[in-house]
Student: 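Pasting in a structure now, in structure tokens, and then I'll have a few things to ask.
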Number of protein chains: 2
Amino acid sequence: MATIADVARHAGVSISTVSYVLSGKRAISAETDARVRRSIRELGYRPHAGARSLAGSRTNVLALVVPLRSDMNLPVLMRFVTTIVLSAREHDHDVLLLTQDEGVDGLLRVAESAMADAFIVMDVEADDPRPAVLTGLAQPSVLIGVPDDPSGLPCVDLDFAAAGAACLEHLAGLGHRCVGFLGPPEQVYLRGTSFARRTLEGFRGAADAHGVRTAEEPCTPTFGGVRAALAALRERRPGLSAVVVHNEDALPVLQEVLHAEGAGVPGDLSLVAIGPDESAEGLPVPMTVVAMPAEQIAKDAVRTVMRRLDGAEDHTVRLLPPQLQLRASTAPPPNAP
Amino acid sequence: MATIADVARHAGVSISTVSYVLSGKRAISAETDARVRRSIRELGYRPHAGARSLAGSRTNVLALVVPLRSDMNLPVLMRFVTTIVLSAREHDHDVLLLTQDEGVDGLLRVAESAMADAFIVMDVEADDPRPAVLTGLAQPSVLIGVPDDPSGLPCVDLDFAAAGAACLEHLAGLGHRCVGFLGPPEQVYLRGTSFARRTLEGFRGAADAHGVRTAEEPCTPTFGGVRAALAALRERRPGLSAVVVHNEDALPVLQEVLHAEGAGVPGDLSLVAIGPDESAEGLPVPMTVVAMPAEQIAKDAVRTVMRRLDGAEDHTVRLLPPQLQLRASTAPPPNAP
DNA sequence: GTGAAAGCGCTAACAC
DNA sequence: GTGTTAGCGCTTTCAC
């Protein structure tokens, strides 16, 4: 492999000139620049990443911690990862893939051996131990998700509270006065998953504000689980005319259960979902949904971390506003005027 | 961060001694070894990855090229990636994630800037341009999948020809004399996906050997597509009593179509699938299947590449034998004695 | 069994 | 606008 010295010799300039042509950190005359670039091309020169990192303390590598827990929604995870890799490349960075279950040790290993310039940590939960460790590192980091204590780290996520509120407001606007909430399985709440709680809070707040009566049930995404949860909602609220579903796996089952009992969607019951768009679009009744803006979050995370590498301070918790995607599953309640 | 010099000073030894304690490349007295290790621990020393790579020309990074094409089966892809990351860690390597669509340029970039010690390239297709490039690199590589011309690179994959044959042989053993084959959509064949062709060849060979009559149809995984393909098979082979399905997306639809027309599985029609186990197990009628041994292939790929880093030669095309998983979807034909 | 020192290929002062 | 050079933190001869 050609080295920077080879290029310098070939172009008849000094090593530093080649370096500066590459970094753009000082002014170079047009002809020198051209000559150097030509030599670089002709020799097929590429800077040695290790040497660069040693001398410049920049690796041009971004560490990405992904959850390999299989209860994560795979298409969404894929969109996150893909977008992060592509965005990183736009900033001339490559992506080192770390798994959730290396936990804090993995972060320390990569950080202290200077393998990456920055960290993006996905799927951060309420009581996650990693934010506290991340703040102690030499490298900046961004969280996707919002822990109880972000420790001053920038966070990016969908504004789940606003999403819950948006769903209710859409239904209230259609005239619904009595709305159910079908959440994730109980364990998700017990695990302290912050987005589940935030969604519910937003839903409740909006219901209070609009004088809408509600009932909430966690839900296992099986036929039995869905039937039981639905029955519980109806028992508590006999006038139930709409349900907000924050449980992508329950959606197809719910539609089937309703179809089987002859309840029309949205004729007899309106449905709004919060979750991946993929899970909402292809159903027998295409769902009105607040979709997970994975690409937007991913880009934002990369941008944030890159800005911090350029020295910008950032302790923002950035919650992206929900976008309600209107489809066929919502309509005014059956007894509407 | 502590450097190797700090450790040496703290332990009262030379820098090279510390280095050799770490690498184990020369004999160290027990007490020196202990003293050095103690210092390492107390100072929280970690070797600087860049310095190491510069001096030792070893990065301890494995580059993994994954297809982000969404027509790939995500759960299977996930299992590949997860297993590769975990296996790499067992060999003290981290994983740099490259995407398919950076193509040859991505390989050259990472290889020539010495960012990785080796490459694993997933989802290699028949006429893939990358093998030819990979052979020219300083780093060894392994392919997952088998191109027409592996260029001498080691390949690991499921033996799809044997898988096709195994399915037919299982059915022939049950007494079926007339077996259909439902393949992936036509485009997959046109794209030159080698595993699709290999499966079909294995299926045909076994059918010839057992004197079983066959019919083959590509299949779009929609209701219309499945109905049409099934009708075509039956028209060509009125005595059809079993179908081999190499199209995971068509499976649920196929079961539904058969159920709707009152055809029992396996009573009226036996089904065998080739594809991810996830797609075969949870169906109304759990499928007899040749599953994709993702973990096994992934481990094999990492092991192969690590061996090559230790200097071993390897130009093997390693095709893992299919494992037929017996479930409820196969039985002797209806008119069996 | 251990130490001294010459690089590895770059970046970024510090010259001019 | 360009060149010289001192490191960056390791690995690995070479020497004893």
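We name chains A, B, ... by the order of the sequence lines, and we start the count at 1 in each one.
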Student: Would you check if there is a donor-acceptor pair between the side chains of A/Gln100 and A/Arg130 at a distance under 3.5 Å?
Tutor: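 A/Gln100 and A/Arg130 do have a side-chain donor-acceptor pair below 3.5 Å.
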Student: Take atom NE2 of B/His48 and atom C1' of D/dG7, then tell me their distance rounded to the nearest Å.
Tutor: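 Rounding to the nearest Å, NE2 of B/His48 and C1' of D/dG7 are 13 Å apart.
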Student: Do the charged groups of B/Asp94 and A/Arg109 touch, with an N to O distance under 4.0 Å?
Tutor: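 A salt bridge is present here (some side-chain N lies under 4.0 Å from a carboxylate O).
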Student: Quick one: B/Ile4 CD1 to D/dT12 C1', roughly how many Å, whole number?
Tutor: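 To the nearest whole Å, that distance equals 11 Å.
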Student: Roughly how many Å is it from CE in B/Met1 to P in D/dC8, rounded to a whole number?
Tutor: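 Spelled out: CE on B/Met1 to P on D/dC8 is 16 Å.
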Student: Regarding B/Thr32, tell me which of base, sugar-phosphate or nothing describes its non-hydrogen contacts under 4.0 Å with the strands shown.
Tutor: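 Sugar-phosphate contact only.
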Student: Just the rounded figure in Å: distance from C1' of C/dA13 to OH of A/Tyr20.
Tutor: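 It works out to 7 Å between those atoms.
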Student: Check every strand shown and say whether A/Ser57 touches a base, only sugar-phosphate, or nothing at a heavy-atom separation below 4.0 Å.
Tutor: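 Answer is nothing: A/Ser57 stays at 4.0 Å or more from every strand.
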Student: Can you tell me the distance, in whole Å, between the CE atom of B/Met115 and the P atom of C/dG9?
Tutor: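 Atom-to-atom, B/Met115 to C/dG9, this comes out as 17 Å.
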Student: With a 4.5 Å heavy-atom cut-off, do B/Leu62 and B/Leu96 have their side chains touching?
Tutor: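 When only atoms from C-beta onward are counted, B/Leu96 and B/Leu62 do not touch, as no gap falls below 4.5 Å.
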Student: Can you tell me if B/Thr3 touches the phosphate of D/dG9, counting only side-chain N or O atoms and a distance under 4.0 Å to OP1 or OP2?
Tutor: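 No.
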Student: Where the side chain of B/Ser14 is concerned, which of C/dG1, C/dC10, C/dG3 is the nearest nucleotide?
Tutor: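 Minimum distance to the B/Ser14 side chain belongs to C/dG3.
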Student: Which part of the nucleic acid, if any, lies within contact of B/Arg26, taking any heavy atom under 4.0 Å across all strands shown: a base, the sugar-phosphate backbone alone, or nothing?
Tutor: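 Base, at least one base heavy atom under 4.0 Å.
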Student: Specify the residue among B/Ala51 and B/Lys25 whose closest nucleotide of DNA chain D lies further upstream toward the 5′ end.
Tutor: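 It is B/Ala51, whose closest nucleotide lies nearer the 5' terminus.
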Student: Rounded to the nearest Å, what distance is computed from the CG atom of residue A/Asn60 to the P atom of nucleotide C/dT11?
Tutor: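 In whole Å, C/dT11 P and A/Asn60 CG are 10 Å from each other.
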Student: Which part of the nucleic acid does B/Ser16 contact within heavy-atom distance under 4.0 Å: base, sugar-phosphate only, or nothing?
Tutor: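 Here B/Ser16 touches the bases of the nucleic acid.
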Student: Is any side-chain N or O of B/Ser29 closer than 4.0 Å to OP1 or OP2 of C/dT2?
Tutor: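 For B/Ser29, the contact criterion (side-chain N or O under 4.0 Å from OP1 or OP2 of C/dT2) is met.
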Student: Would you call B/Asp159-B/Arg198 a salt bridge at under 4.0 Å N-O?
Tutor: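 The answer is no: the pair does not qualify as a salt bridge.
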Student: Considering only heavy atoms and no angle criterion, is a donor-acceptor pair shorter than 3.5 Å present between the side chain of B/Thr17 and the base of C/dG3?
Tutor: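 Donor-acceptor pair under 3.5 Å: no.
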Student: Which one, D/dT11, C/dT11, D/dG9, comes nearest to the side chain of A/Arg52?
Tutor: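 Out of D/dT11, C/dT11, D/dG9, the nucleotide with an atom closest to A/Arg52's side chain is C/dT11.
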Student: Roughly, in whole Å, what's the span from CD1 in A/Ile15 to P in D/dT4?
Tutor: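 Atom-to-atom, A/Ile15 to D/dT4, this comes out as 9 Å.
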Student: Using modelled atom types and a 3.5 Å cut-off, is there a donor and acceptor pairing between side-chain atoms of B/Ser194 and backbone atoms of B/Pro147?
Tutor: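 Not at all, since once roles are kept as given, no pair shorter than 3.5 Å links the two residues.
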Student: Calculate the interatomic distance between B/Ile28 atom CD1 and C/dG1 atom C1'; express it in whole Å.
Tutor: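 B/Ile28 atom CD1 is separated from C/dG1 atom C1' by 7 Å.
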